Each structure stands twice: as structure tokens, then as C-alpha cells.
Trainee: 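Questions regarding the structure given below will be posed in turn.
Because the structure is a prediction, the values reported are computed rather than measured.
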Protein chains: 2
Amino acid sequence: MTDTIAKRCEESGLRMTGQRRTIADVLDQCRDHPDVEELHARAAARDPRISIATVYRTVKLFEEEGILEKVDFGDGRARYEDAERAHHDHLIDMTTGRVIEFVDPEIEALQEKIAEKLGYTLKGHRMELYGIPRKTHESRGD
Amino acid sequence: MTDTIAKRCEESGLRMTGQRRTIADVLDQCRDHPDVEELHARAAARDPRISIATVYRTVKLFEEEGILEKVDFGDGRARYEDAERAHHDHLIDMTTGRVIEFVDPEIEALQEKIAEKLGYTLKGHRMELYGIPRKTHESRGD
DNA sequence: GTATGTGCAAAGCTTTTGCACCCGC
DNA sequence: GCGGGTGCAAAAGCTTTGCACATAC
């Protein structure tokens, strides 16, 4: 149901160079949230000529085309994810750094309601939950 | 119900230098969300000898003591706010950059429920809404 | 008096950019 | 072929840090 990133690039009329195709492919295969340096490492594994400057330029371009979305986990590095995948928020496991994606329609609705109450039309939001794995039942002393 | 920042610094056993006191006072008087450079400008207006390095060191120290909380509006600059003030989230006016603080108990409860459903105990969260002012002439009942 | 804080400037990190060369269309 | 893309390295922002000096307790 979701087109590849490369396909959407072509539909946007972007010139598809070898580097852009490689970066698009790498992004398609991401199941995690790599930062730009990591993205560059993965792209360079396929084509060592790709420079990090190109990766920066490319993700910014894709973002401007609405193909990617920038996310920020507060660690000072930019991350990008496929904008076309269903919208979701993030829960970050504070013990491992693992990122869990989730969608909650109630939250979405509530956010819209809050914005409206404050006199605004909601255009976007960012929400991250930070948590630790719940003790299932062996615990004493929470 | 809220002590001044300077008072909390003393209670934390921090050595209170002139610079720290000035920075604490500036923070107490903030009704907005200045970045570190702006904080330095306000502090330097009272004591021109304060360097920006000291401001950076001081806000980080206060954060480690739990007196301040770092917030990030995605513009690449760090901002800090009083951690003891009642918890709130932010709505950012996309047309002006103005930041509106709000609290919504429903959201808080929902977030906790979501974390729990995913097997986590919620330890913190970050939520920013981005919106544009709503046209008022068609609104009813505000 | 001593441990700690501070100013200055240099360095660190992530990201951007100028410029000469390269490539998709 | 031409206009835009790329690599390299330098530069730009924000933040941190080494070092010599200053200051709180």
C-alpha cells in the first residue's frame, strides 16, 4: 500500500541520481530511526563514493518534497522517517534507547480539541513518551 | 507554593556565586522560553562580566539538580524552564513562534495508559502541538 | 586556604556551503 | 550539452572544555 521512496521521488519530479536512489533504498529498508551519520554509513556500504554532504542534502530535499519527516529525539542529531507511513508517535525505552512506534486515535482527537480550545487549528504535533519496562510481577518495591 | 530558583539552589547545597544568583533571578522572571544566548543577554544586562560559558555551565548544573528542565522546540537551540512549576505542554503558534503553555489532565492520563498498554511505566514525556490561529468569526461559544 | 567557579578562547559536533567537477535527462 | 548534483574541505551554529585566575565558604 505504500509506494517506495524512490517511486515518490520520481512522482515529485526529482532527478534521480545514483546517490539519491541508493539513499532512498536505504531509507525504505529502515525499520529503525538512524541519524544522518548512520544513514550515510548504510548508504556508503552500497556505494562508497557517497559523501555525508550528499546525504544531508538529500534528506533535506526529500523532507521539502514531503517524502520524509524529520524527527528529533533530543540527542542533537536529526533523524528522518517515511512521511507516508501512517502517522505515529514514539515511546522511548529509557533503559535501552529502543524506540516503539504507536498510534492512538484518542490522543489525536484530544490534541485537536485542545488546540481548538486555545483558539488554534492543529497543523502538526510531536509527542514522545519516555518509559521504563514495567515490572510484570516479580517485583517488590516499585 | 513555588520557591525561587535561588532558594532551591541553596537547598540543593550548591555554592551560590554572584553569577549563579543572577542567572537564577533571570530565570525566575522568565515568562517565555529564551534560549541560552537570550538568557545570557538578560543576565549580562545585570552583570556584564557573565560569560556565555558560565550560562551554559549553570543551566546544565541546575538541570542536573532537577531545578530546571530542558525543552527543545526543534530549532537547534536549548531552552530551559523551571522544573517545579506545574507540568505543562506547549502549543507553538506557527505564524508567530509564540509559545502557549497548557495542561490537560486527560492527555496525561491517556499517555500513562498508552505506556502501560505497551508494557512500560511512563517516566516522562514531551508534547508539542503546532497550530495556526483559528478564524474566529465562525466560532460559537468561546 | 582550598576547592570550586569563571572568563576567554580554542575545540567539538552536527549541519551547511562554496567551488570545481560530474552526470542524468 | 546544460542545468542540476556531488565530493571535498572549509565554515557556520550551538555547546563544551582546558587553563589560568578569581571567589565562596
Side-chain angles (χ1 to χ4, degrees), chain A residues 5-27 33-65 67-80, chain B residues 5-27 33-65 67-80:
Chain A
I5 289 177
K7 181 132 186 282
R8 276 176 277 154
C9 289
E10 272 156 23
E11 282 163 5
S12 292
L14 294 182
R15 178 193 290 209
M16 285 315 279
T17 65
Q19 287 93 329
R20 287 189 183 166
R21 218 175 291 280
T22 300
I23 294 167
D25 286 353
V26 166
L27 285 163
H33 299 81
D35 58 34
V36 178
E37 196 173 339
E38 173 62 20
L39 227 40
H40 174 238
R42 295 184 196 178
R46 302 187 187 196
D47 175 359
R49 294 172 314 162
I50 293 180
S51 77
I52 194 151
T54 294
V55 179
Y56 273 109
R57 282 190 275 234
T58 301
V59 291
K60 178 176 272 197
L61 176 71
F62 288 3
E63 186 194 10
E64 284 162 6
E65 292 297 327
I67 294 164
L68 295 181
E69 213 165 87
K70 196 186 224 169
V71 291
D72 170 11
F73 293 155
D75 61 357
R77 273 160 288 161
R79 295 155 197 280
Y80 290 85
Chain B
I5 288 176
K7 181 133 187 282
R8 276 176 277 154
C9 289
E10 271 156 24
E11 282 164 3
S12 294
L14 295 181
R15 178 193 289 207
M16 285 315 280
T17 65
Q19 288 92 329
R20 288 187 183 167
R21 219 175 293 277
T22 301
I23 293 167
D25 286 353
V26 167
L27 285 164
H33 298 82
D35 58 34
V36 177
E37 196 173 341
E38 174 61 20
L39 228 38
H40 174 239
R42 295 184 195 177
R46 302 186 186 196
D47 176 358
R49 294 172 315 161
I50 293 181
S51 75
I52 194 152
T54 294
V55 179
Y56 273 109
R57 282 190 275 235
T58 301
V59 290
K60 177 177 273 195
L61 176 71
F62 288 4
E63 187 194 10
E64 284 162 5
E65 292 297 327
I67 294 165
L68 295 182
E69 212 165 89
K70 196 187 224 169
V71 290
D72 169 12
F73 293 155
D75 61 357
R77 273 160 289 161
R79 294 156 197 281
Y80 290 84

Trainee: Using a strict cut-off of less than 4.0 Å between a Lys/Arg side-chain nitrogen and an Asp/Glu carboxylate oxygen, indicate whether Glu38(B) and Arg42(B) qualify as a salt bridge.
Mentor: yes

Trainee: Starting at the 5' end of DNA chain D and moving along, which residue's nearest nucleotide shows up first, Tyr80(B) or Arg15(A)?
Mentor: Arg15(A)

Trainee: Any carboxylate oxygen within less than 4.0 angstrom of a Lys/Arg side-chain nitrogen, looking at Lys60(B) and Glu64(B)?
Mentor: no

Trainee: Once you round it to whole Å, what is the distance between P of dT14(C) and CD of Glu37(A)?
Mentor: 6 Å

Trainee: What is the separation between atom NE2 on His40(B) and atom P on dT6(C), rounded to the nearest whole Å?
Mentor: 12 Å

Trainee: Could you check Thr54(A) against Ala53(B) and say which one's nearest nucleotide on DNA chain D is further toward the 5' end?
Mentor: Thr54(A)

Trainee: At a heavy-atom distance below 4.0 Å, what parts of residues 41-49 of chain A sit against DNA chain D?
Mentor: Arg49(A)

Trainee: Round to a whole Å and report the spacing from CE of Met16(B) to P of dG5(C).
Mentor: 11 Å

Trainee: When the distance from CD1 of Ile23(B) to P of dG7(C) is rounded to whole Å, what number comes out?
Mentor: 8 Å

Trainee: Tell me the interatomic distance from Asp75(B), atom CG, to dT15(C), atom C1', rounded to whole angstroms.
Mentor: 14 Å

Trainee: Strictly below 4.0 Å: does Thr17(A) bring a side-chain N or O up to OP1 or OP2 of dT6(D)?
Mentor: yes

Trainee: Let's test your reading of the model: under 3.5 Å, does the base of dG4(D) pair with the side chain of Arg57(A) as donor and acceptor?
Mentor: no

Trainee: Measuring to OP1 and OP2 of dT16(D), would you say a side-chain N or O of Lys60(B) lies under 4.0 angstrom away?
Mentor: yes

Trainee: If you compare every side-chain N and O of Tyr56(B) against the phosphate oxygens of dT16(D) (OP1, OP2), does one of them come in below 4.0 Å?
Mentor: no

Trainee: Counting only side-chain nitrogens and oxygens, does Gln19(B) get under 4.0 Å of the OP1 or OP2 atom of dG7(C)?
Mentor: yes

Trainee: Are any of the side-chain nitrogens in Arg20(A) or Glu10(A) under 4.0 Å away from the carboxylate oxygens of its partner?
Mentor: no

Trainee: Using modelled atom types only, decide if a donor and an acceptor are shared between the side chain of His40(B) and the backbone of Tyr56(B) within a distance under 3.5 Å.
Mentor: no

Trainee: Mind checking if Ile52(A) touches a base, just sugar-phosphate, or nothing, with heavy atoms under 4.0 Å?
Mentor: nothing

Trainee: Rounded to the nearest Å, what distance is computed from the CZ atom of residue Arg21(A) to the P atom of nucleotide dC23(C)?
Mentor: 15 Å

Trainee: Rounded to the nearest angstrom, tell me the gap between atom CG in Asp35(A) and atom C1' in dC13(C).
Mentor: 12 Å

Trainee: For Arg20(B), which contact category applies under a 4.0 Å heavy-atom criterion: base, sugar-phosphate, or nothing?
Mentor: sugar-phosphate

Trainee: Could you tell me whether a side-chain N or O of Arg77(A) sits under 3.5 Å from a main-chain N or O of Asp35(A), the two making a donor and an acceptor?
Mentor: no

Trainee: Tell me whether the count of non-hydrogen atoms from other residues, nucleotides or ligands lying under 6.0 Å of CD in Glu37(A) goes above 12.
Mentor: no

Trainee: For the pair made of CZ in Arg79(B) and C1' in dT15(D), what is the distance, rounded to whole Å?
Mentor: 15 Å

Trainee: Could you pull out the closest heavy-atom pair between Ala24(B) and Ala6(B), with the gap in Å?
Mentor: CB-N, 3.9 Å

